[in-house]
**Student:** 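Here it is, the structure, as structure tokens.
Residue numbering restarts at 1 for every chain, and letters A, B, ... go by the order of the sequence lines.
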Amino acid sequence: MTTEPQEHAAYDFAYVQEKWLPIWDKLEPFKSGRPDDSRPKKYVLDMFPYPSGDLHMGHAEAYALGDVIARYWIQKGFNVLHPIGWDAFGLPAENAAIKRNADPRDWTYENIAVQKSSMRRYACSFDWDRVFNTCDPEYYKWNQWLFIELHKRGLAYRKDSAVNWCPGCQTVLANEQVVGGLCERCDSAVTKKKLNQWYFKITDYADRLLDDMEQLEGKWPEKVLQMQRNWIGRSQGANVQFNIEGRNEPVTIYTTRPDTLYGATFMVVAADSALAAELAAGGPVESEFTAYLESVKAASDIDRLATDRPKTGVDLKRFAINPVNGEKLPIWASDYVLADYGTGAIMAVPAHDQRDLDFAKAMGLPVRVVVQSEEEDPAVTYVATTGDGVLINSGSLNGLNKVDAIAKITEELEAKKLGNSARNYRLRDWLVSRQRFWGTPIPIVHCEKCGEVPVPADQLPLTLPAAKDIDLKPKGQSPLAAATDWVNTTCPTCGAAALRDSDTMDTFVDSSWYYLRYPSSTNTTEPFSRADIDTWLPVDQYVGGVTHAILHLLYSRFFTKVLNDMGMLGFNEPFTRLLNQGMVLMDGSAMSKSRGNLVKLSDELEKHGVDAIRLSLVFAGPPEDDVDWADVSPSGSVKFLSRAWRLSGDVSSPAGVDFSTGDLSLRKATHKALHDAGFAVESFRFNVAIARVMELVNATRKAVDSGCGAADPAVREAVEAIAIMLSLVAPFTAEEMWERLGHKPAIATAGWPVVDPALLVADEVEAVIQINGKIKGRFNVAPSISDADFEAAALAHPDIVKELNGAAPKKVIARAPKLVNIVL
RNA sequence: GCCCCCAUAGUCCAAUGGCAGAGACAGAGGACUUAAAAUCCUUCCAGUGUCGGUUCGAGUCCGACUGGGGGCACCA
């Protein structure tokens, strides 16, 4: 049986989808404007996907939300750039390749093709001319160029350090990729390994990363700003020098409580620091220390995370001299002091620091109170008193409070050159080298004579060798090291035999600047042109998951600041506004195959259609909230869309009819809906915007059936407005409605109807009269009534006269035209 | 342990300090129909987690508590 369009009495989404896709392909309504475009610009960016299989429910939500925003600004007359690409390097491709004994390239590009065609079917409003993948040599060439630029500026460097090592992935991990002691990717327990690795000096930018957040206040979710602040973790304190018996150089410690210097009863150095090894060397405890160090190294991060872990350590039998009172303090080595924070050594003040107190208790060390507070003696309770109080037993500080004592002692230390005010950060430098194949090769040649030599710019990109000759299985060293033809090279400086760096870059490098590339995606001479940057950047609206609240966003902000310093950009924050969408859950938890609660996007699209799924996801609640698929009703969305679609067939006035003669109350409803829905979209309350459209659909239905009738111009005005508003979320239905209303595609560029302010004013509003805050009467007034007339009318209202019964009001609050409150 | 966010009908969610209900799901009833589906109409349902405060007026602001969620985690 053939299905002619006319026979579709009920709305047939499958037919409509197939009908419009090829037409849109031809019209390309989402091509962003070229340089001579006079419309104001808007850069709307969705976080680009990782190509692991087909799109899932999470993508569906994220891209539906990004689409609402992009399509809204297009309707509002902006020149919108809404690009997409693929974050295509990374471990899943490599692991899949190992499993199938194939090249990661094949797996990656196959998946990209699948996702790309799904996005087309999902009607994403992307500008397909600007697509790129981070694994394209034309893209990662610029990763390498940037790496070399950072290297030139001392911002990319190598150092030996105890790094996070994932035994599962057989690679090092950045601090940011260790979640609760586990590898972010494979959940293996992360261990420490001493390795020489590449770092980006993000710590140089700690203050700017922190202080520039002021610009983002109110525009990024407060939660994300908070997380970034905590991650950077700036603390204010002082460095203090302690002389060490039998050592020429003093040891510097960092403390946030220099006021408690007189309460120090011992010193602790990080067990895995060079200082600890030096202090133990040749002494009576050397073997005991070595054994302790081994046990510390063996402990995984998981062990270290145990909250009630007993304190351990070794008495090094060495002594530090307290600079303020000359006391001899025993020096201990322990793993509760971190080698890579502060100076790796602390003064221990057990009375006023819980960790020091726990250690003192375990080792039988003395406790001395120097800040007198209301609380009980920490030496008795083993609860450290960390609050404010009056300084005692503290020489010149006696009698001062905490804040004044900190200021005074810091001043004294600085005068005697024994210390200084200091800041520290929780943030560590970004470890960027990875011992894996599927990433950007690090463009450095190691020459015995010349050292680290960058690959010359004209030799970029330094491409990955073919994977077929290389064993990709993880073995603790980059697979590239085994590609001898590739690794063996000559030094670009002296020409002698040399070796390429065999590590690849963290894929977060790729995503730290990709948003700068879209406007210049085909540029072969530079990563991006300043003219393109000045046209489009910064990103006006970024949309993506909160999972990237720290990692990706922090790195991107860092790169932007570096590029700003290099004079390549004229701004220092890349993303002006940020929207973090929630997750799509099923029955209260994240969807997963193993949990058995996976809802397949393709099945849902098949069952209910693209528009209904997009609508359901957007209407489910505020975009930041998680959506539980068990709570949403896609069939309800189908019903609503059919209801809207049916209206387009009822309209009997001709296209282009003069609306001004139409039914006034429906016209008012239309203009109010346009106004309110627009406002809701701009404040990210998409669910509310849809509710406004539903109201208008209901009102129009009523007008057609039992009001002004289908021929009234106001009905056409309403249905056209409904179609345009629906085009943000249900593009197929909207386009179909638009055609039935006698218009040409694409509705996406039809334009948001101009709201007539005169139609936003109601003729009459109902006001309430309260006595002592309780509602006692209602009356209708003109919206323009003055407070005085309003108050007089309220006091003259028969119900109120009766209620007052002659009593004189103490006070009358009039808020024309809504409310009067009479206080007795 | 520290920091942050949230709490409104059976469910998902609305409400510039001013009438708690916009919208939807589920439920009930009716019209149409031989019947069903679809459609249309009507309708039921909470006083906003608890306690206190500010205010003429609090779901909304402040404080404490309870419950849920998230981030960090020996950062001196």
**Student:** Looking at the side chain of A/R815, which of B/C19, B/C56, B/C13 is the nearest nucleotide?
**Tutor:**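 That would be B/C56.
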**Student:** In the structure I gave you, are the side-chain heavy atoms of A/V765 and A/V781 within less than 4.5 Å of one another anywhere?
**Tutor:**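 They are in side-chain contact.
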**Student:** How many Å lie between CD1 on A/I813 and P on B/G18, as a whole number?
**Tutor:**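 The distance from CD1 of A/I813 to P of B/G18 comes to 14 Å, rounded to the nearest Å.
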**Student:** Is A/K311 touching bases, backbone alone, or none of the nucleic acid, heavy atoms closer than 4.0 Å?
**Tutor:**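 The residue A/K311 makes base contact.
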**Student:** So that I know where these two stand, are A/Y205 and A/Y425 an aromatic pair - ring centroids less than 6.0 Å apart?
**Tutor:**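 Ring centroids of A/Y205 and A/Y425 are no less than 6.0 Å from each other.
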**Student:** With rounding to the closest Å, how many angstrom separate the P atoms on B/A37 and B/A26?
**Tutor:**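 About 14 Å, rounded to a whole number of Å.
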**Student:** Using the P atom in both, what is the distance from B/C72 to B/A14, to the nearest Å?
**Tutor:**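 Taking atom P in both B/C72 and B/A14, they lie 27 Å apart.
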**Student:** Among B/A20, B/G23, B/C56, find the nucleotide with the atom closest to the side chain of A/E695.
**Tutor:**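 Closest of the options to the side chain of A/E695: B/G23.
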**Student:** From the options B/C56, B/C19, B/C40, select the nucleotide whose nearest atom is closest to the side chain of A/I775.
**Tutor:**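 When the side chain of A/I775 is considered, B/C19 is the closest of B/C56, B/C19, B/C40.
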**Student:** A/N424 near the nucleic acid: base, sugar-phosphate alone, or nothing, with a heavy-atom cut-off under 4.0 Å?
**Tutor:**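 Nothing, no nucleic acid heavy atom in range.
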**Student:** Nearest to the side chain of A/W231 - B/A24, B/C72, B/A76?
**Tutor:**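 Nearest to the side chain of A/W231 among the choices is B/C72.
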**Student:** Could you tell me how the ring of A/H552 sits relative to the ring of A/H548: parallel (under 30°), tilted (30 to 60°) or perpendicular (over 60°)?
**Tutor:**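 Judged by the thresholds at 30° and 60°, the geometry between A/H552 and A/H548 is perpendicular.
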**Student:** Determine whether a donor-acceptor pair (N or O, by modelled atom type, separation under 3.5 Å) exists between the side chain of A/N420 and the backbone of A/A238.
**Tutor:**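 Side chain of A/N420 to backbone of A/A238, a donor-acceptor pair under 3.5 Å: no, none is there.
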**Student:** Between B/U42 atom P and A/N698 atom CG, what is the distance in whole Å?
**Tutor:**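 My rounded result for the distance is 10 Å.
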**Student:** With sugar-phosphate meaning primed atoms plus P, OP1 and OP2, does A/E222 contact a base, only sugar-phosphate, or nothing at under 4.0 Å between heavy atoms?
**Tutor:**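 Result for A/E222 = nothing.
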**Student:** Does A/R426 put a side-chain nitrogen or oxygen below 4.0 Å from OP1 or OP2 of B/A73?
**Tutor:**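 Indeed, a polar side-chain atom of A/R426 lies that close.
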**Student:** Under 4.0 Å, heavy atoms only, any strand: does A/Q354 hit a base, just the sugar-phosphate, or nothing?
**Tutor:**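 Nothing, no heavy atom under 4.0 Å.
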**Student:** Can you tell me which nucleotide in B/C41, B/A76, B/C56 comes closest to the side chain of A/V823?
**Tutor:**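 Looking only at side-chain atoms, A/V823 lies closest to B/C56.
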**Student:** Can you tell me if the side-chain N/O atoms of A/S235 get under 4.0 Å from OP1 or OP2 in B/A76?
**Tutor:**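 Yes, within the criterion.
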**Student:** Classify A/R692 by what it touches in the nucleic acid, base, sugar-phosphate, or nothing, heavy-atom distance under 4.0 Å.
**Tutor:**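 Base, at least one base atom sits under 4.0 Å.
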**Student:** Is any side-chain N or O of A/Y336 closer than 4.0 Å to OP1 or OP2 of B/A76?
**Tutor:**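 So the side-chain polar atoms of A/Y336 never come under 4.0 Å of the phosphate oxygens OP1 or OP2 of B/A76.
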**Student:** Once Watson-Crick and G-U wobble pairs under 3.5 Å are found, how is RNA chain B written in dot-bracket notation, 5' to 3', with | for any base paired to another strand?
**Tutor:** (((((((..((((....[..).))).(((((.......))))).....(((((..]....))))))))))))....
**Student:** Does A/K223 place a side-chain N or O at less than 4.0 Å from the phosphate oxygens OP1/OP2 of B/C6?
**Tutor:**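 Result: no.
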**Student:** Taking the C1' atom in each of B/A20 and B/A7, what is the distance between them to the nearest angstrom?
**Tutor:**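 It works out to 16 Å between them.
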**Student:** Could you measure between the two P atoms, the one in B/U16 and the one in B/U55, and give it in whole Å?
**Tutor:**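 Taking atom P in both B/U16 and B/U55, they lie 24 Å apart.
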**Student:** Taking the same atom, P, in B/U8 and in B/G59, what whole-Å distance lies between them?
**Tutor:**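 B/U8 and B/G59 have their P atoms separated by 15 Å.
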**Student:** Measure from the side chain of A/D625, starting at C-beta and using heavy atoms only, and say which of B/A24, B/C40, B/C13 lies closest.
**Tutor:**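 The closest nucleotide is B/C13.
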**Student:** Against the six-membered ring of A/Y336, is A/K311 placed for a cation-pi contact (under 6.0 Å from the centre, within 45° of the normal)?
**Tutor:**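 Yes - A/K311 lies over the ring of A/Y336, closer than 6.0 Å to its centre and within 45° of its axis.
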**Student:** Could you tell me whether A/F619 and A/F640 have their ring centroids closer than 6.0 angstrom?
**Tutor:**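 That pair fails the under 6.0 Å test.
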**Student:** In whole Å, measure the gap between the P atoms of B/A15 and B/C32 for me.
**Tutor:**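 Rounded to whole Å, the distance is 40 Å.
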**Student:** Rounded to whole Å, how long is the line connecting atom CZ of A/F640 with atom C1' of B/U39?
**Tutor:**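 It works out to 16 Å between those atoms.
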**Student:** Determine the Euclidean distance between corresponding P atoms of B/G47 and B/A35; express it in Å to zero decimal places.
**Tutor:**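 Going atom to atom, P in each nucleotide, I get 41 Å.
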**Student:** Work out which heavy atom in A/H671 is nearest to a heavy atom in A/L760; give both atom names and the distance.
**Tutor:**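 Heavy atoms only, the tightest pair is O-CD2, 3.5 Å.
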**Student:** Give me the one residue out of A/T255, A/V324, A/I253 that meets side-chain contact (heavy atoms from CB on, under 4.5 Å) with A/L261.
**Tutor:**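 Testing A/L261 for a side-chain contact (heavy atoms from CB on, under 4.5 Å) against A/T255, A/V324, A/I253 leaves exactly one candidate, A/V324.
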**Student:** Choosing from B/A22, B/G57, B/C25, which nucleotide comes nearest the side chain of A/S633?
**Tutor:**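 That would be B/C25.
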**Student:** Please check the phosphate of B/C40 (OP1 and OP2 only) for any side-chain N or O of A/R643 closer than 4.0 Å.
**Tutor:**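 Yes, because at least one side-chain N or O of A/R643 sits under 4.0 Å from OP1 or OP2 of B/C40.
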**Student:** Donor-acceptor pair, distance only, cut-off 3.5 Å: does the side chain of A/D335 make one with the backbone of A/A270?
**Tutor:**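 Flag not set: sc A/D335 to bb A/A270 has no pair under 3.5 Å.
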**Student:** Taking B/A24 as the reference, what is the distance to B/C45 when you measure between their C1' atoms (whole Å, please)?
**Tutor:**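 Each nucleotide's C1' atom is 15 Å from the other's.
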**Student:** Indicate, with a heavy-atom threshold strictly under 4.0 Å, whether A/R778 touches base, sugar-phosphate, or nothing.
**Tutor:**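 The residue A/R778 makes base contact.
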